[in-house]
Student: 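Before we start, here is the structure in question, set down as structure tokens.
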Amino acid sequence: MALLEIRNLHVTVENKPILNGVNLKIEPGEIHAIMGPNGSGKSTLSYILSGREGYKITDGEVIYNGIDLLELEPDQRAREGVFLAFQYPVEIPGVVGLTFLKTALNAIRVHRGENELDAMDFLKFVREKAQSLEIDDEMLKRFVNEGFSGGEKKRMEILQMAILQPKLAILDETDSGLDIDALQVVSKGINALRDANRGMLLITHYQRLLNYVHPDKVHVLANGRIAKSGDGALAQELEEKGYAEFNAFVE
Amino acid sequence: MPDGAGRSFTFLEQAARDDLIGLGSQLKWLRELKESGASIFKERGLPNRSDEYWRYTQLNKLIEIDFQLSKESPFVGSKQLSQGVSGGLSTYRIVLVNGCLRKDLCSIENLPKGVLIAGLNAAISSVPSRLEKKLGKNIDLENMPMAALNTAFLKEGVIILVDNDIVIDKPIELISITMPNKYPTMSQPRFLIDLGENAKATLIESHIGNTEIPYFNNVVSEVTIGEGAGLDHYKLQEEGLAAVHISTIALRLQRQSLYRGFILQSGGLIGRTEASAVLDGSESDCRFDGVYLGSRNQLLDTTTSIKHVATNCKSRQVFKGVLDGSAHGVFQGKTHVTIGAQKTDGYQLSRALMLSPDAEITTKPELEIYADDVKCSHGATSGDLDADSLFYLKSRGLSPDVARRVLVEAFLNESLSEIKLNEIFEGFTNHVRGWLNSKTKQSAVG
Ligand SMILES: Nc1ncnc2c1ncn2[C@@H]1O[C@H](COP(=O)(O)OP(=O)(O)O)[C@@H](O)[C@H]1O
Ligand SMILES: [Mg+2]
């Protein structure tokens, strides 16, 4: 059974069609990259999968692990193992990062039938993961994303992914705004989570992330559809030629 | 003639009945003070819509009920005392039950030298001349009808006098508890806090209601902070569901003095705290912050008036409210900069979180500036929880209820985290959590 199957997905925002028949199938263990020009609907796709409000699904379906994903509330999806690393992580003043992470992890653990981690075990678990992402205690004690640099926010998203251990991770432009050092740290974090049971959807505008995280498949999203699919070589080709070929179709 | 005037007469009749006007009749100044309160209240009556600062807070409810001063002082145990907000800190404690001082519950032995903490009555007998100089001196009775009423009833209360250069080793805790009574009770306590030059003190005030029967507490606090002195003042207002709590805090700050007030209001059917500060000496710093938590049909009113008289002073008021049900929040904040108060730095912010479509907030900021070289600003926001933040939390597995709760706590935590004393921070935080828990229960039922 596929981990994720998107069939003929049509989405409008305020009556404006954004996705016009997306088809995509991800098997467990696979990493797919979705590339495409700005405004082509990549983030919209990520929000549809994670259940954000404000979009109208006019046709199609999304089957995740054999269940109808679109029927689930955002928090249910998260507890079922869907994770979105946001393109623009939200700053939440007043909520301490560690407290937030612990609440999230325990909500998911309880759903999986595991016991909640106590403060000590949790801290140990988080520190271990945080270290490899070069996130120190001070950063964890700050309010969620508040005043973080772009790179810090993206590292924090990957940390959350490492802690919550999703089955399906959607990473929306996790590479944008990162310098080369940060890109390597983040890539290492993503690669560490490659797993035979986990699927990933890497959304990116540029090819450079794919130099570090090698995808099994690459798709081009343009004109609200998957306009072309291929392997890693397609990403290389896009890097050289740009999206001009696809832009032509964008209204 | 407004309704209030008729009713005020009944209040005063009551006062006469209890021979309160006669209290301290040997002391001419005291008799005159009480009489002036009585006559001003008689003339003004209960505040009503035509009083600028009472437009949104109607006290008509007081007319419907025949409140009486409590004659009994019911049993109070450690359970009630622990409802205060001192978070287990060791304190000098003074306790009022139904408005009457309860010596048996106080712990004010071994006070540091130079500190006087006593009941108002005791202080009137023991140090009358010190009181004569202080009592009623900070209050503009003409413009504060409820303080005038309190003055007419002047009898019960607490006096805290701290001599020059004294730094009190422990916080002073003032607990006012209202227990059920056979008849609707009222209390009219007066608190007087006077810090001498360079003195330092912390005051923790808790107003706790243990009854759902209507009662009326009309509290007046007079606070003078001497040159170079500093007062940290925390107040919890958690009166009973049907209570009316009216509090007037009159502050006077002398040169280079510091006042930090933090107040949490969540109790009462009507809860109002009015703080009026005069910054009399240059380089003084007055902060008055707080949060209010309203649900059901509560009215919670915070009214401030900061008057900058001297140069180079700072004032700051940051208030945050969470309003649910059909609760109504009122924030009226006035910063008044007189012509001589150059280099004033005044800041004011009001933020309200509306959790229900029936909740209501009235914000009335007011800057009145007569000096030309000042920095003053104010801002006000109100609205629902941020949708993006909610989605972010839910996308991490938090249920909608938990996510909302986390955000409400966060909203309040920004204010609470300014509290310096950790135990007090914990005390207020626990109180906020208790409030959120009770709301969750309410919505689970309803
Ligand atoms: N909430 C919204 N309201 C109006 N238009 C939107 C909204 N969200 C997305 N869009 C539009 O949908 C299109 C796709 O946006 P998006 O999914 O963010 O693209 P990408 O991530 O590929 O850059 C854009 O034209 C964008 O302006
Ligand atoms: Mg995008």
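Just so it is clear, the model here is predicted, and its values are computed rather than measured.
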Student: Decide if atom CG of B:N422 counts as having more than 12 heavy atoms of other residues, nucleotides or ligands within a radius under 6.0 Å.
Tutor: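 For B:N422, atom CG is crowded (more than 12 foreign heavy atoms under 6.0 Å).
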Student: Quick one: what part of A:R52 sits under 4.5 Å from any heavy atom of chain B, side chain, backbone, both or neither?
Tutor: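 For A:R52, backbone and side chain are both near chain B.
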Student: In this structure, are over 12 heavy atoms from other groups packed under 6.0 Å from B:F425 atom CZ?
Tutor: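 Result for CZ/B:F425: enclosed.
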Student: Locate the shortest heavy-atom distance separating A:E91 from B:S389; write the atom from each residue and the value.
Tutor: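 In terms of heavy atoms, the two residues are closest at O-OG, 4.3 Å.
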Student: Listed by residue number, which members of residues 110-137 of chain A have a heavy atom under 4.5 Å from any heavy atom of chain B?
Tutor: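 Residues of residues 110-137 of chain A touching chain B at under 4.5 Å: none.
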Student: For chain B, find which of A:G51, A:A107, A:P74, A:G54 contributes the most heavy-atom pairs closer than 4.5 angstrom.
Tutor: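 Greatest number of close heavy-atom pairs with chain B: A:P74.
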Student: Quick one: pull up CD in A:Q76 and NZ in B:K394 and give me the separation to the nearest 0.5 Å.
Tutor: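 That separation rounds to 10.5 Å.
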Student: If we check side-chain contact (heavy atoms from CB on, under 4.5 Å) with B:S395, which of these qualifies: A:Y47, A:F86, A:F83?
Tutor: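 Testing B:S395 for a side-chain contact (heavy atoms from CB on, under 4.5 Å) against A:Y47, A:F86, A:F83 leaves exactly one candidate, A:F86.
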Student: Go through the atoms of B:L412 and report whether side chain, backbone, both or neither lie under 4.5 Å from a heavy atom of chain A.
Tutor: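 No part of it gets close to chain A.
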Student: To the closest 0.5 Å, what do you measure between CZ (B:F391) and CG (A:D75)?
Tutor: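 Here the rounded value is 10.5 Å.
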Student: Looking at A:R77, A:Q160, A:E73, which makes the most heavy-atom pairs under 4.5 Å with chain B?
Tutor: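 Maximum pair count with chain B is reached by A:Q160.
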Student: Please say whether more than 12 non-hydrogen atoms of neighbouring residues, nucleotides or ligands are located less than 6.0 Å from NZ in A:K188.
Tutor: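 It does not: A:K188 NZ has 12 such atoms or fewer within range.
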Student: Looking only at heavy atoms, what is the nearest atom pair of A:A85 and B:R396, with distance?
Tutor: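 A:A85 and B:R396 have their closest heavy atoms at CA-NH2, 4.3 Å.
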Student: Any idea which heavy atoms bring B:G397 and A:A78 closest together, and the distance?
Tutor: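 Minimum heavy-atom contact is N-CB, 3.3 Å.
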Student: Return the CG to CZ distance between B:N413 and A:F143, rounded to the nearest 0.5 Å.
Tutor: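 These two atoms lie 5.0 Å from each other.
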Student: With heavy-atom distances below 4.5 Å as the criterion, would you say the side chains of B:L393 and A:I92 are in contact?
Tutor: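 Yes, at least one pair of side-chain atoms sits under 4.5 Å.
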Student: Aromatic rings B:Y392 and A:F100: how do their planes relate, parallel, tilted or perpendicular, breaks at 30° and 60°?
Tutor: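 Ring orientation of B:Y392 relative to A:F100: parallel.
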Student: Quick check: closest heavy atoms across B:A410 and A:P93, and the distance to 0.1 Å?
Tutor: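 Looks like CB-O, 3.5 Å.
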Student: Counting only heavy atoms closer than 4.5 Å, note whether A:P89 contacts chain B via side chain, backbone, both or neither.
Tutor: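 Both backbone and side chain.
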Student: How close do A:V90 and B:D388 get, counting heavy atoms only, and between which atoms?
Tutor: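 That would be CG2-O, 3.9 Å.
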Student: Within the 4.5 Å heavy-atom criterion, are B:S399 and A:R79 side-chain neighbours or not?
Tutor: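 B:S399 vs A:R79: side chains touch.
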